[in-house]
Structures are given as C-alpha cells and as structure tokens.
Amino acid sequence: MATTDAVISRTETLNKYLKLDQRGSIIAEYVWIDSEGGTRAKARTLKDKGGEKYEVSELPTWNFDGSSTEAPGENSDVYLKPVAIFDDPFRGSPNILVLSECINADGTPNKFNYRHECSKLMEAHADHEPWFGLEQEYTLLDLNDRPYGWPMNGFPAPQGPYYCGVGAGKVVQRDIVDSHYKACLYAGIKIAGTNAEVMPAQWEFQVGPCLGIEMGDHLWMARYLLARIAEDFGAKISVHPKPIPGDWNGAGLHSNFSTKEMRVEGGMAHIEAAIKKLEGRHQEHIAVYGEDNEKRLTGRHETGAIDKFTWGVANRGASIRIPREVGAKGYGYFEDRRPASNADPYRITGIIVETCFGAV
Ligand code: ADP
Ligand code: MN
Ligand code: MN
Ligand code: MN
Ligand code: MN
C-alpha cells in the first residue's frame, strides 16, 4: 500500500457521503435523449420545498451544450424542458430525476425529440384511452463488448437452457437485473416484470400498462436507470437488435396495445379492425421500428419476416400476435412483435395511434 495503510471500501465511503444532510436543498438530475439513442444527464441544485413534491411546471427550463453532441457550434445551446419527474434511487428521496425534452433555440423540437409529435397524437386520441406495455430486451456486455459469460474464443452451448434460466452457467448478472427492478419501483416507473431471455446474457423487462405518452416517458427513464446501474457494476448495455449474428435470438421491443373499446366484451372486432389498418401501413411502421431490424426480422428465431405482414392467435412467428387468453375471452389487447430493442418508444406508440385513429 503506497499511500494508505487501510484498505478503502469505495462503497462504504460513498455511503458515508450519501447520508449527509443536504441543508434545505435537493438535487435534480435532468435526463435527456441524445442523438445516439442513449440518455445523458446532468445535475443541479433546487430548493427543498419542506418535503413537498415539485410539479413539472415549477421546474426551471435548463440547457446543455449541443455542440458536444449534435447542434452547430455557433448556436449550440439546446433547451431542456422538464416533462416528467421520478424519485431518484441513486441519491434517494427527496432528490429527483427530471425527464426533459430537447428544444432548439427557436422553440422547435430538436431532431431527436420524438416526444413532441407523440404527445400531440396522444392528446388528440385520448378518448380511446390507449394503453401500452413494452417488453424491453437487452444484452449485457463486458467492457470488451463481449456478452457476459461467453467464452473469450468461441460460443456457449446452443440456446435452450437460458430462457427464464436458473443456475450458474445459465444466467449471468442477475444482480444488475434485480437492482434495476428495485430502482424502477422506487423511482415510480410502472415496471411490470422481468425475465432471462433465450440468448445467454440477454434479459428483458416490461413496462406497462401505461396510458398514452406515459409509455415513452417511463420506458426512457427505465433505460436511463439500467445504463446507470450497469455503470455501477462495470457492465455495458447493448440494445442492438441482433448483437450476435447467426443462430442466436435477436432483441426486440414487443409492443402490447389496447384501447378502451378493445378491453371490453366485443373487443375482438376492434382488435381485428386495428390489425387491418396496421397491415396497410406495414412499411411505414418498419421505417420507425428501429435500425438494423432487418438483421433480426428474418422469419426465424420467433420473428416474422420484415417484408411480410402476418398475424395470428398465439403465433410468435407473426408480425402481430393475439395472446391465447385474449383469443379465448374475445377481448383484451394485441402484441406488435416488430419493433427492435433500439426503437424509440415515442415513435412506436405514436405511429400505432396514428395508424388506428388518424394523423394530427
Ligand atoms: P410475452 O408473453 O409476450 O412475453 P410479457 O408478459 O413479457 O408478454 O409482456 C406483456 C406486456 O403487456 C406487459 O408489459 C403488460 O403490462 C402489457 N399489457 C397487459 N395487458 C395490457 C393491455 N390491456 N393493454 C396494453 N398492454 C397490456
Ligand atoms: Mn461548461
Ligand atoms: Mn415478454
Ligand atoms: Mn422476450
Ligand atoms: Mn412478447
């Protein structure tokens, strides 16, 4: 030991500072979506309102230096407009996470701000009470971009034992998955569940049912938490839809959808009418359902082919699946299996509502 004779535990040291009184202030971490399909964040101090929670409308608009990401250097400030507040699981309450929309200097939405358009669609069609539940699949990579638990040279044993697997050799990094689950609940994200996926080192979490614009807000904040927690564990998150080519499952963002008409008796007629409309705009949907999705939607590995629209009850090889219990009951919801894991949930939920009920 060169500089100290005691072994320093970084966790204990961090916890010592996290417990310090904040003397009447709270920390607000502003989170936004960047040009690469990830999240970025920075923090500022706000006054503690004596334990009372902030409303979105009370939070200051902020900005960041867009030249370090996308915007031109001479006019590089991008505004951060607060749109949703969550409790901060890292610093603990009363500290908060503030999801923010990116707005250009002239007041128009930033190029990568898909929330703006989505929220208009959701408002216009709010009378149908659109519910969404998204299944986010992802792959855990080490710092060399190799899936965790995979041999340095070569491949693990073929797929089969890994889906919902239990036991050493079948799953890895469950600590990250559980930390994320708890952090989502603490933050107030409507996380619905989690499971190990078909490819080793691949996992899924579901968020929903969420109403309208809330779907994109909750999923993006859940993605931020996942990246932030993986950082704590020294892992990387990949949302590439086909992280390993060949006989390995890709990663999707299955999107479950219903309206108030679909959720009651007689709902199947509304479900089938929606599927007919989706069929007519297959290519438009594929265009916003994620990059590199053609590597995943091959018609194999529980997917439909990218150039063909198909649907069926309990059919996991179709574009659209009606869950078996929905088919049996005659009402409920359906699943759009086409979106890739790297798709923007605002674009998915926006185009589904637009196709079913019209543009704004
Ligand atoms: P799968 O069987 O395809 O793996 P999951 O259980 O992973 O399905 O995910 C189903 C998702 O559907 C969940 O996020 C759930 O919240 C959502 N969901 C359930 N009911 C509805 C509904 N009526 N409308 C929209 N989404 C729903
Ligand atoms: Mn600076
Ligand atoms: Mn699932
Ligand atoms: Mn899955
Ligand atoms: Mn699914």
Side-chain angles (χ1 to χ4, degrees), residues 122 125 128-140 159 162-165 171 177 180-181 184-185 189-219 221-223 238-243 248-268 270-271 274-275 278 290 293 296-297 300-304 311-343 345 348-349 352-353 356:
M122 294 305 169
H125 302 300
H128 296 285
E129 292 170 25
W131 286 9
F132 300 92
L134 265 53
E135 305 168 45
Q136 176 72 64
E137 294 179 339
Y138 62 94
T139 308
L140 288 164
Q159 294 182 161
Y162 312 116
Y163 171 72
C164 298
V171 293
V177 176
H180 178 250
Y181 203 153
C184 282
L185 292 174
I189 289 166
K190 292 182 175 173
I191 186 167
T194 184
N195 60 267
E197 268 304 335
V198 176
M199 188 184 94
Q202 206 162 71
W203 291 86
E204 168 179 316
F205 65 88
Q206 305 93 30
V207 177
C210 288
L211 176 65
I213 196 68
E214 181 186 63
M215 184 68 250
D217 291 351
H218 281 228
L219 188 67
M221 194 48 87
R223 283 176 171 182
S238 167
V239 287
H240 194 279
K242 192 75 178 181
W248 304 98
N249 272 35
L253 188 61
H254 295 167
S255 299
N256 300 274
F257 173 62
S258 66
T259 60
K260 77 171 187 213
E261 298 84 7
M262 296 175 191
R263 289 190 291 269
V264 294
E265 224 152 294
M268 192 57 79
H270 294 273
I271 290 174
I275 291 173
L278 290 175
N293 206 11
R296 162 180 169 261
L297 293 181
R300 300 181 58 228
H301 305 110
E302 303 171 53
T303 70
W311 66 281
V313 174
N315 185 354
R316 288 175 189 265
S319 316
I320 305 285
R321 160 180 158 260
I322 297 175
R324 190 179 301 287
E325 75 275 13
V326 174
K329 278 194 310 191
Y331 62 91
Y333 65 100
F334 66 86
E335 176 189 45
D336 188 343
R337 299 178 60 80
R338 296 171 294 173
S341 47
N342 58 1
I348 301 172
T349 58
I352 289 176
V353 160
C356 290

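Whatever order the structure lists ligands and atoms in, that order sets their numbers, starting from 1. One-based numbering along the sequence shown.
- T194 places a side-chain N or O within 3.5 Å of a backbone atom of E204 that can act as its donor or acceptor partner.
- Closest to atom 17 (C) of ligand 1, if we only count protein heavy atoms, is G133 CA, 3.8 Å.
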**OP:** Starting from the C-alpha separation in whole Å, work towards a yes-or-no answer on side chain to side chain contact (heavy atoms under 4.5 Å, CB included) for M199 and T139.
**Re:** CA-CA 9 Å; M199 188 184 94; T139 308; 3.7 Å; yes
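- Partners of T259 under the side chain to side chain contact (heavy atoms under 4.5 Å, CB included) rule, at least two apart in sequence or in another chain, are H128, F257, E261, M262, F357.
- Of the protein's heavy atoms, none falls inside 4.0 Å of atom 6 (O) of ligand 1.
- The E204 neighbourhood of ligand 1 comprises atoms 7 (O), with distances under 4.0 Å to a heavy atom of that residue.
- Counting only residues at least two apart or in different chains, side-chain hydrogen bond (donor to acceptor under 3.5 Å, both in side chains) contacts with residues 326-339 comprise H254-E335, H282-R338, Y289-D336, R321-E335, E335-R337, D336-R338.
- Nearest-heavy-atom check against atom 3 (O) of ligand 1 across E197, M215, E302, E335 picks out E335.
- For ligand 1, one of its N or O atoms has an N or O atom of Q206 under 3.5 Å away.
- Two residues are said to be in side-chain contact when any heavy atoms from C-beta on lie closer than 4.5 Å; I320 and N315 fail this criterion.
- Against a heavy-atom cut-off of under 4.0 Å, P209 is close to the following atoms of ligand 1: 16 (O).
- When atom types are taken as modelled, the side chain of H180 and the backbone of A222 share a donor-acceptor pair closer than 3.5 angstrom.
- The shortest separation from a heavy atom of R321 to ligand 1 is under 4.0 Å, placing the residue in contact.
- If you check which protein heavy atom lies closest to atom 1 (P) of ligand 1, you get E135 OE1, 3.5 Å.
- Ligand 1 places these atoms under 4.0 Å from at least one heavy atom of G208: 16 (O).
- Shown are the protein N/O/S atoms under 2.8 Å from the Mn ion (ligand 3), given by residue and atom: E135 OE1, E204 OE2.
- The shortest non-hydrogen separation linking P323 to V313 is O-CG1, 4.4 Å.
- For the pairing with N249, the side chain to side chain donor-acceptor pair (under 3.5 Å) check across Q202, Q159, H301, E137 returns one residue only, Q159.
- Scanning all protein heavy atoms for the shortest distance to atom 23 (N) of ligand 1 gives S258 OG, 3.2 Å.
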**OP:** Kindly indicate, with the supporting measurements, whether the criterion side chain to side chain contact (heavy atoms under 4.5 Å, CB included) is fulfilled by M122 and V353.
**Re:** CA-CA 7 Å; M122 294 305 169; V353 160; 3.9 Å; yes
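- Polar contact with ligand 1: absent for F132 (N/O pair, distance under 3.5 Å).
- Side chain of K242 to main chain of W248: a donor-acceptor pair is present (N/O by atom type, distance under 3.5 Å, no hydrogens or angles).
- Of all the heavy atoms of M262, none lies under 4.0 Å from any atom of ligand 1, so neither backbone nor side chain is involved.
- With sequence neighbours excluded, the residues that form a side-chain hydrogen bond (donor to acceptor under 3.5 Å, both in side chains) with N256 are E135.
- Note that the CG atom of L185 and the CD1 atom of I189 stand 9.0 Å from one another [nearest 0.5 Å].
- For E137, the N/O/S atom at the shortest distance from the Mn ion (ligand 4) is named OE2.
- Summary of contacts: the protein heavy atom closest to atom 11 (C) of ligand 1 is N256 ND2, 3.2 Å.
- Using a 4.5 Å cut-off on side-chain heavy atoms (C-beta onward), W203 and E197 make no contact.
- Among the heteroatoms counted here (N, O or S) of E197, OE2 is the one nearest to the Mn ion (ligand 4).
- The side chain of R316, and not its backbone, has at least one atom closer than 4.0 Å to an atom of ligand 1 (non-hydrogen atoms only; side chain from C-beta on).
- Two residues are said to be in side-chain contact when any heavy atoms from C-beta on lie closer than 4.5 Å; W311 and F334 fail this criterion.
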